[in-house]
Amino acid sequence: MRRDTRCIHAGSHPDPSTGAIMTPIYQTSTYVQEAPGVHQGFEYARSQNPTRQALEEAYALLEQGRYGLAFSSGVAATDAVLRLLAPGDEVVCGNDMYGGTYRLFTKVHERFGIHFRFADMRSIDTLAAALTDKTRLIWVETPTNPLMSITDIAAVAKLGHSHGALVVVDNTFASPYLQNPLTLGADIVMHSATKYLGGHSDVIQGALMMNDAGLRDRLYFIQKSCGAVPGPMDCFLVLRGIKTLHVRMQRHCENGKAVAHWLRRHPRIAHVYWPGFEDHPNHNIAQTQMRDFGGMISFELQDPDTDAATRVLSSTHVFALAESLGGVESLINHPATMTHASIPREERIRNGLHDGLIRLSVGIEDIQDLIEDLAQAIG
Ligand SMILES: *Cc1c(COP(=O)(O)O)cnc(C)c1O
């Protein structure tokens, strides 16, 4: 099956009891057993649910991996990966990443004796310098949220494996349609399915995909033991979202490209962060490991203060002022006070995330409406 066909058919089998073409929402907590221990593979819904199973099969196929696991949110999926570690272990991660991941690492797992080292992952040399003999895991986000930096996944996988560390990629921004880290050597892919996979801003969910059976068993054990599983209704919504992932992503990329180039020509704009520009620092890596550049864009106004940014953020009509991304509707966000408020200001600024930065999730509306909206808001 080719990629576009896979989006529609992955994990879909007619329901064995009725022939229903869509996987039913198996809203049940338990399953009747014929005799003690004699059942059809379903015992209790925290461990197994047919709707979730269909989605997990789809997750694996979309990332060209062997296994998929669904979690109640993206951060729950990240938390499950961290539970593979033991006190004293070290994690190396990027210094520009999703604020909630940073908070989970530093405020929750650090207390349990896991140590986090932050490195500029745009360069393999700075990453290599952060590795120690205690490094067990490298956490990669590419493109990063919100500065759209690119990390060379294949190079990190090679480096990580030579140090005996697991390499995990948060692939939320690219979606499985634009980038498949497992094929580049990563051990685990993580997604906030809340974003492009769900695609309609109506569900919170997370996903992990992997190839190694032993790793899958350890993560499945954590999934059922810690219990951060999504309900069947949410699994159904993501299954439905995935059926249009390919057409949505094509339009996100098309609109994203048009908005990025328009912003760049605007006299009131100082800088536009988008990996599709030829002079983006790691454009050639993005071009090699991504199929296209997506609909996430950040920019800074010439006037760097928060007030100027606030005026733009409060003046759009089509772009809604909200956290999150990856839905069909366009969103505008102020990372410093919204998605990345959990990162201390000094640290944020040191890593290049200024108070005036504005992030867009470009949706799939008519491109003229999007540009007219930005034009009247930026002035
Ligand atoms: C939203 C997001 C997460 C967290 O996912 P939730 O579903 O909100 O828990 C992690 N990483 C990235 C890049 C995100 O955008």
Side-chain angles (χ1 to χ4, degrees), residues 55 59 63 68-83 91 93-109 116 121 137-151 153 168-179 181 186 188-209 223 226-231 234-235 237-238 241-242 249 252 256 273 275 290 294-298 322-327 331-335 338-343 351 353 357 359-363:
L55 176 61
Y59 279 159
E63 279 294 1
L69 291 169
F71 290 84
S72 53
S73 66
V75 293
T78 303
D79 180 67
V81 172
L82 269 286
R83 286 169 195 268
V91 176
C93 43
N95 55 10
D96 170 32
M97 65 162 131
Y98 177 66
T101 306
Y102 176 87
R103 182 175 57 202
L104 176 68
F105 286 179
T106 57
K107 299 282 177 1
V108 180
H109 284 279
F116 296 89
M121 291 228 195
L137 195 147
I138 302 177
W139 186 273
V140 181
E141 201 180 291
T142 183
T144 60
N145 181 357
L147 293 174
M148 308 305 297
S149 299
I150 299 291
T151 295
I153 297 171
V168 187
V169 178
D170 179 341
N171 202 26
T172 302
F173 264 37
S175 90
Y177 191 72
L178 299 184
Q179 177 171 277
I188 303 172
V189 169
M190 175 266 162
H191 278 281
S192 168
T194 310
K195 317 294 167 56
Y196 287 109
L197 285 164
H200 295 76
S201 309
D202 53 9
V203 66
I204 295 281
Q205 195 174 128
L208 297 178
M209 295 81 160
Q223 183 199 40
C226 301
V229 290
D234 287 355
C235 293
L237 286 170
V238 179
I242 285 172
M249 287 316 295
H252 281 297
Y273 299 86
M290 299 176 76
M296 295 302 299
I297 300 165
S298 295
E323 296 196 8
S324 201
L325 60 109
L331 301 180
I332 189 165
N333 164 54
H334 186 227
M338 295 166 69
T339 45
H340 291 66
S342 55
I343 301 176
N351 296 330
L353 203 175
L357 189 84
R359 190 190 78 184
L360 301 177
S361 171
V362 179

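Everything quoted here is computed from the prediction, not taken from an experiment. Just the heavy atoms: all of them, side chains too, but no hydrogens, waters or symmetry mates, feed the values below. Atoms within a ligand are numbered from 1 in the order they appear, just like the ligands themselves.
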From the candidates G74, A207, G206, the one that places a heavy atom nearest atom 6 (P) of ligand 1: G74
Any side-chain heavy-atom pair of T144 and Y273 under 4.5 Å: no
Nearest neighbour in protein (non-hydrogen) for atom 10 (C) of ligand 1: Y98 CD2, 3.4 Å
I204, any N or O under 3.5 Å of ligand 1 N or O: no
Point-to-point distance, once rounded to the nearest 0.5 Å, from CE of M190 to CG of N171: 10.0 Å
For L325, atoms of ligand 1 separated by under 4.0 Å from a heavy atom: 15 (O)
Atom 14 (C) of ligand 1 - nearest protein heavy atom and its distance: K195 NZ, 3.0 Å
Aromatic ring proximity F105/W139, centre distance under 6.0 Å: yes
Nearest neighbour of atom 11 (N) of ligand 1 from the list T194, V75, D170, on a heavy-atom basis: D170
Straight-line distance of F173 CZ to N145 CG, nearest 0.5 Å: 3.5 Å
Within-cut-off N or O pair, T101 and ligand 1, under 3.5 Å: no
Heavy-atom closest contact (S342 atom, G100 atom, distance): OG-N, 4.5 Å
4.0 Å heavy-atom contact, Q205 with ligand 1: yes
Parallel, tilted or perpendicular: ring planes of Y196 versus H252, cut at 30 and 60 degrees: perpendicular
Side chain D170, main chain T172, donor-acceptor under 3.5 Å: yes
Proximal atoms of ligand 1 relative to N145 (non-hydrogen, under 4.0 Å): 15 (O)
